[in-house]
Amino acid sequence: MSTIQTSSYRRTRDHFEPQDIDPHEQRRLRGLMEHIDYTAYVANREVVGQMLASVDAGHFQRLAVTVATARAKWVAEAVRQSESGAPSTPDQIARLTAARTAFEELSEAYEGLRRMVDRGYVPMKSPG
């Protein structure tokens, strides 16, 4: 199985790839799997389309600023903790962990929105 590295975790790719069967059966299975993939596409387009009617460049810009701010807060917290030269306390580590988690979640949401637009699940409004 192959894996996909994302910014915070590994995901196993489990798409079926028929091997060692006759070509007719391979085509039949591939057609079935394409139908299943299309069904998932339609479901995503309908569900995501209801929750996010459409997005524009402004949505991406605001989300990007939010992600950048979260990243800066995370690193600034680490720098603040290092200034005394003393080991970080459990409370300081908890604050640092919370800041990193916020950054990672927001970053994943930004990438998720990009994938939704790229895959056609949510329409992107044209500028102007």
Side-chain angles (χ1 to χ4, degrees):
M1 274 190 217
S2 63
T3 57
I4 298 171
Q5 177 67 45
T6 66
S7 61
S8 63
Y9 60 91
R10 292 173 109 28
R11 181 180 319 152
T12 302
R13 185 173 292 254
D14 60 356
H15 289 283
F16 176 74
E17 296 181 16
Q19 298 173 1
D20 299 331
I21 56 177
D22 75 276
H24 177 71
E25 182 65 10
Q26 279 184 347
R27 282 190 300 279
R28 187 188 73 72
L29 286 172
R30 195 166 284 125
L32 177 62
M33 298 312 296
E34 286 176 5
H35 179 72
I36 290 169
D37 287 345
Y38 182 74
T39 301
Y41 164 77
V42 170
N44 274 286
R45 191 180 63 203
E46 289 177 7
V47 171
V48 173
Q50 288 177 3
M51 295 186 89
L52 299 168
S54 66
V55 296
D56 59 23
H59 290 101
F60 279 97
Q61 181 181 11
R62 288 186 297 276
L63 190 51
V65 169
T66 302
V67 172
T69 301
R71 177 184 285 157
K73 285 180 179 179
W74 170 42
V75 174
E77 178 64 27
V79 170
R80 261 191 308 281
Q81 289 183 24
S82 71
E83 288 175 349
S84 72
S88 296
T89 66
D91 286 342
Q92 288 173 316
I93 295 299
R95 281 196 310 274
L96 188 60
T97 300
R100 178 185 44 81
T101 300
F103 160 66
E104 289 176 349
E105 288 299 324
L106 289 164
S107 183
E108 288 289 330
Y110 179 89
E111 290 302 319
L113 182 58
R114 286 190 82 247
R115 281 190 303 273
M116 288 180 210
V117 170
D118 184 51
R119 292 178 180 171
Y121 300 158
V122 60
M124 178 81 177
K125 290 181 186 173
S126 299

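This one's a predicted model, so the numbers in the text were calculated from it and none came from an experiment.
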**Q.** Between CZ on residue R27 and CD on residue E34, distance to nearest 0.5 Å
**A.** 12.5 Å

**Q.** Any D37 side-chain heavy atom under 4.5 Å of Y41 side chain
**A.** no

Q. Of the non-hydrogen atoms in E77 and R95, which two are nearest, and what is the gap between them?
A. OE2-NE, 3.4 Å

Q) Where do H59 and S54 come nearest, in terms of heavy atoms and distance? A) CE1-O, 4.0 Å

Q: Is it possible for you to say whether Y38 and V48 belong to one hydrophobic cluster, with membership spreading through side-chain heavy-atom contacts below 4.5 Å?
A: yes

Q. If you measure from CG on L29 to NE2 on H24, what distance do you get to the nearest 0.5 Å?
A. 10.0 Å

Q. Quick one: CD on E104 to CZ on R71, what's the gap to the nearest 0.5 Å?
A. 10.5 Å

Q: Measure the acute angle between the ring planes of F60 and Y110, then classify it against the limits of 30° and 60° as parallel, tilted or perpendicular.
A: perpendicular

Q: Identify whether M51 and L113 are in the same connected component of the hydrophobic contact network (ILVMFWY, side-chain heavy atoms under 4.5 Å).
A: no

Q. Once you round to the nearest 0.5 Å, how far does OG1 of T101 lie from CG of L96?
A. 9.0 Å

**Q.** Heavy-atom closest contact (L52 atom, M116 atom, distance)
**A.** CD1-SD, 3.9 Å

Q: State yes or no: do V75 and F103 share one hydrophobic cluster built from I, L, V, M, F, W and Y residues joined by side-chain heavy-atom distances below 4.5 Å, directly or via other members?
A: yes

**Q.** Closest heavy-atom pair and its distance - A70, L106
**A.** CB-CD1, 3.7 Å

Q: I would like to know whether R80 and E83 meet salt bridge (Lys or Arg N to Asp or Glu O under 4.0 Å); could you show each step before the answer?
A: CA-CA 5 Å; R80 261 191 308 281; E83 288 175 349; over 6 Å; no

Q.
side-chain contact (heavy atoms from CB on, under 4.5 Å), that's the test. Do Q81 and I93 meet it? Break it down for me.
A. CA-CA 9 Å; Q81 289 183 24; I93 295 299; 4.2 Å; yes

